[in-house]
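The residues of the chain are indexed from 1 along the displayed sequence.
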Amino acid sequence: MSGGPRSRFFLRLRGSIARRGWWGSLRLAARQAGDMVVRSVRGATRYERWLADRPRVSATLSGPEAEHPLISVLVPSHDPDLHWLERAIGSVRAQSYEKWELCVVDDASGTADVREWLRSRGDRDPRIRCIRLQRNVGISGATNAALELANGPFFALLDHDDELAPHALFEMAAAIRRFDPDLLYSDEDKIDVDGRLRDAAFKPDFSPDWLLSCNFISHLGVFRSALTRELGGFRSEFDGSQDYDLALRFADRSARIHHVPRVLYHWRTVRGSTADPWAEAKPWAYDAARRAIASHLERVGERGEVGDGPGRGFYRVRRFPPVGASATLIAWGDRDRAARLAAAASCDAVILDASRPTASQLNGAAARASGDVLVFVDARLQPSATDWLPELMSQALRSDVGCVGTRISARGNRVLHAGVVLGGAKGIRLERPALFGDEPGPMGASGVIRNASAVSGGCLAVSVMAFRHLGGFDASFGESLHDVDLGLRAWDAGMRVIYDPHAEMRSPRARLPAPAEADVARLIDRWGARIHAGDPYYNPAFGFTGPLFEARLRPGPQPPTAGKL
């Protein structure tokens with residue numbers, strides 16, 4: 001029985017609970033059970049029907065054909081299942097965009113049928129080239145060999161058992177023509193052995209701090225060939241996460257990274273694949289990812305320790321404030337609790353006698369502060385961790401950071417705030433109903449360090465230098481939304497806004513206070529164009545009428561993703 005189906009089931013269940021907690025595992029099981037019921041009754045899940053209803057794009061590009069980019073599709077393989085390899089190559093041959101080439105490199109597979117397949121396949125289409133390496137060099141070496149075959153100015157990566165969506169290369173070519181990026185990536189989903197689609201990953205636009213928390217670029221990734229060669233190609237010491245390492249090195253060199261918010265890649269959930277949500281496959285890949293992040297930190301001269309994040313495939317960069325750095329708490333809401341909070345954190349405090357101070361009052365308190373970092377905090381909140389203040393300081397004192405906020409949770413571990421989202425009928429959304437503290441959320445949105453358009457002033461840290469550079473809070477705002485305005489002005493000034501859940505605060509209230517209508521009108525009047533363009537860290541597939549970071553898979557034709565492609 002030790003190796004039977006029941007034993008394997010309980011091992012997978014135990015691994016899932018360790019990664020997601022009981023609640024996350026139950027949600028995964030419920031979602032998969034619901035999919036099974038829908039398939040048996042209707043033949044397709046809600047997601048599959050939604051994906052089928054997405055608007056079809058015209059597979060033609062304007063201008064002369066000579067200006068259309070050739071995209072080289074690189075497929076490294078080793079002892080592949082030929083059925084899945086045929087499906088992968090078939091998905092390339094079925095592309096609506098025809099200006100592609102396929103470079104397949106077999107990494108010294110040992111079976112004769114693979115060698116025979118390679119000899120026969122290359123003769124069928126002049127755009128397909130297949131070679132076999134005489135010795136095994138690993139996935140980075142095989143991918144580099146495929147890159148040597150490539151003639152295109154851009155290349156796409158395709159695993160030997162995955163599939164491209166029919167318009168994948170056209171969407172990428174259109175984005176290349178329009179935005180001239182160095183790196184592109186799309187949304188993705190999973191495809192099982194029966195060809196069923198599920199578990200879509202709806203990604204943010206490029207977020208440098210989010211990329212240090214998880215490899216959201218992943219599939220479909222399209223890279224500029226010349227820059228890849230200049231950077232030395234794929235590095236074998238990061239095998240298993242070699243594409244993550246390359247994406248991080250691209251981010252070091254270029255800001256021209258573009259997200260195409262469409263599901264263009266289907267990741268096969270075969271046994272042993274990291275695409276299997278229940279399995280613990282390829283542990284070395286996660287170790288390689290941690291080392292790739294550490295390598296990035298070393299290249300850019302930043303100190304930090306890289307550890308595991310809230311689940312498989314998520315990571316945490318723990319930074320430390322400079323020696324001798326100091327902070328001043330600017331607290332309100334409860335004078336006694338504010339004094340105890342400052343004493344426990346061993347820092348100075350300026351305490352305001354206000355339940356909800358105005359922007360002008362906060363600016364006045366900041367002028368009296370003596371620390372290097374200003375930490376604005378509602379003293380009715382309770383820190384979850386003793387090191388919450390050093391955590392905020394370590395982020396706020398980075399030279400390119402404007403302000404830092406954290407997760408605010410209520411009783412039952414329900415997440416009230418995990419960064420501000422722009423959009424919707426009211427212009428912004430602050431709360432996160434239906435997310436819980438032990439759930440990282442889609443792409444880790446609630447549980448990882450990432451960028452956000454703005455963060456809550458209920459607990460907000462900003463260096464004195466950045467606060468002065470930005471001119472403090474805008475005093476034309478009253479008791480609300482001066483925090484959101486500060487975050488948006490920080491982005492305009494070339495600074496980042498950081499959401500860091502590791503300084504989490506607990507709230508005795510079940511809801512956050514609603515912003516004043518006058519402040520909402522002022523925010524929309526000032527930032528209406530930014531709000532209308534959509535939040536770069538909130539995928540267009542997500543909605544605003546229910547829980548945030550939850551896809552709205554409405555049936556019927558979907559509107560195009562304006563401003564995103």
Side-chain angles (χ1 to χ4, degrees), residues 61 65-78 80 85 88-109 117-119 121-134 137-164 168-177 179-186 217-236 238-239 242-247 249-250 253-254 256-258 260 264-265:
L61 294 180
E65 185 177 351
E67 296 179 4
H68 301 172
L70 172 66
I71 299 178
S72 304
V73 181
L74 310 188
V75 181
S77 71
H78 178 70
L85 183 57
I89 290 179
S91 75
V92 178
R93 292 175 57 86
Q95 289 296 299
S96 58
Y97 183 73
E98 296 185 351
K99 198 168 181 181
W100 54 263
E101 64 176 3
L102 181 61
C103 305
V104 182
V105 171
D106 180 73
D107 191 16
S109 291
W117 183 93
L118 287 169
R119 282 193 293 269
R121 170 53 69 177
D123 297 332
R124 300 184 189 179
D125 190 321
R127 295 174 297 178
I128 299 176
R129 281 178 286 170
C130 304
I131 65 170
R132 179 178 182 272
L133 303 180
Q134 295 303 306
V137 296
I139 189 168
S140 290
T143 309
N144 285 333
L147 181 59
E148 291 179 8
L149 298 175
N151 297 307
F154 289 86
F155 67 86
L157 294 174
L158 176 64
D159 288 348
H160 65 210
D161 49 9
D162 297 343
E163 296 183 24
L164 299 181
L169 297 184
F170 170 77
E171 296 276 11
M172 290 302 187
I176 290 168
R177 288 286 303 277
F179 298 104
D180 190 29
D182 288 322
L183 169 59
L184 307 86
Y185 62 98
S186 74
I217 288 178
S218 192
H219 310 121
L220 171 67
V222 176
F223 298 77
R224 188 178 290 274
S225 303
L227 183 53
T228 302
R229 295 184 178 107
E230 183 181 334
L231 292 172
F234 296 87
R235 302 197 291 183
S236 295
F238 299 100
D239 274 2
Q242 70 288 338
D243 56 339
Y244 192 11
D245 170 63
L246 181 63
R249 286 185 284 142
F250 261 70
R253 290 285 299 272
S254 175
R256 291 155 53 187
I257 301 177
H258 181 73
V260 177
L264 303 182
Y265 193 99

Practice problem: Measure the spacing between CG of L149 and SG of C103 and express it to the nearest 0.5 Å. | Solution: 5.0 Å
Quiz item: Between CD of Q95 and CE of M172, what distance do you get to the nearest 0.5 Å?
Solution: 10.5 Å
Exercise. State, with a plain yes or no, whether a side-chain heavy atom of P76 is found less than 4.5 Å away from one of H160.
Key: no
Quiz prompt | For F238, all residues meeting ring pair (Phe, Tyr, Trp, His ring centres under 6.0 Å), sequence neighbours excluded | solution = none
Practice problem: State, to 0.1 Å, how close V137 and D107 come at their nearest heavy-atom pair, and which atoms those are. | Solution: N-OD1, 2.8 Å
Exercise. Evaluate the criterion side-chain contact (heavy atoms from CB on, under 4.5 Å) for residue pair F250 and I217; output intermediate values, then yes/no.
Key: CA-CA 11 Å; F250 261 70; I217 288 178; over 6 Å; no
Quiz item: Nearest 0.5 Å, what's the CG-CD distance between L264 and E171?
Solution: 5.5 Å
Self-check item: Under 3.5 Å: donor-acceptor pair, side chain of R249, backbone of L231
Solution: yes
Quiz item: With Y185, which residues qualify under side chain to side chain donor-acceptor pair (under 3.5 Å), at least two apart?
Solution: none
Self-check item: Closest non-hydrogen atom pair between A175 and P181, with its separation
Solution: O-CD, 3.9 Å
Practice problem: Only counting residues at least two apart or in another chain, list the ones meeting side chain to side chain donor-acceptor pair (under 3.5 Å) with S77. | Solution: D106
Self-check item: Residues R132, V105; criterion side-chain contact (heavy atoms from CB on, under 4.5 Å); working and verdict
Solution: CA-CA 6 Å; R132 179 178 182 272; V105 171; over 6 Å; no
Quiz item: To the nearest 0.5 Å, how far apart are CG in L169 and CD in E98?
Solution: 11.5 Å
Exercise. Kindly compute the distance separating CG (L74) from OG (S225), expressed to the nearest 0.5 Å.
Key: 7.5 Å
Quiz item: Which residue pairs satisfy the salt bridge (Lys or Arg N to Asp or Glu O under 4.0 Å) criterion with at least one member in residues 218-227, sequence neighbours excluded?
Solution: D180-R224, D182-R224
Quiz prompt | Under 3.5 Å donor-acceptor, K99 side chain and H68 backbone | solution = yes
Quiz prompt | Short side-chain to backbone donor-acceptor contact, D125 and R127, under 3.5 Å | solution = yes
Quiz item: Taking the side chain from H219 and the backbone from Y265, do they hold a donor-acceptor pair closer than 3.5 Å?
Solution: no
Self-check item: Side chain to side chain, W100 and L164, heavy atoms closer than 4.5 Å
Solution: no
Quiz prompt | From V104, I89, L220, V75, residue fulfilling side chain to side chain contact (heavy atoms under 4.5 Å, CB included) relative to L158 | solution = V75
Quiz item: How would you list, by chain and number, every residue that makes a ring pair (Phe, Tyr, Trp, His ring centres under 6.0 Å) with F155, sequence neighbours excluded?
Solution: F223
Quiz item: Between R253 and E230, is there a salt bridge with N-O shorter than 4.0 Å?
Solution: yes
Exercise. Verify side-chain contact (heavy atoms from CB on, under 4.5 Å) between L85 and D161, making sure each step is shown before the conclusion.
Key: CA-CA 5 Å; L85 183 57; D161 49 9; over 6 Å; no
Quiz item: Got a sec, which pairs hit side-chain hydrogen bond (donor to acceptor under 3.5 Å, both in side chains) with one end in residues 138-154, sequence neighbours left out?
Solution: E101-N151, S140-D239
Exercise. Dump the intermediate steps for side-chain contact (heavy atoms from CB on, under 4.5 Å) on L183 and H258, then the final yes or no.
Key: CA-CA 6 Å; L183 169 59; H258 181 73; over 6 Å; no
Practice problem: State the CG-CZ distance between L147 and F234, to the nearest 0.5 angstrom. | Solution: 7.0 Å
Quiz item: Shortest non-hydrogen contact from P80 to S109?
Solution: CD-OG, 3.7 Å
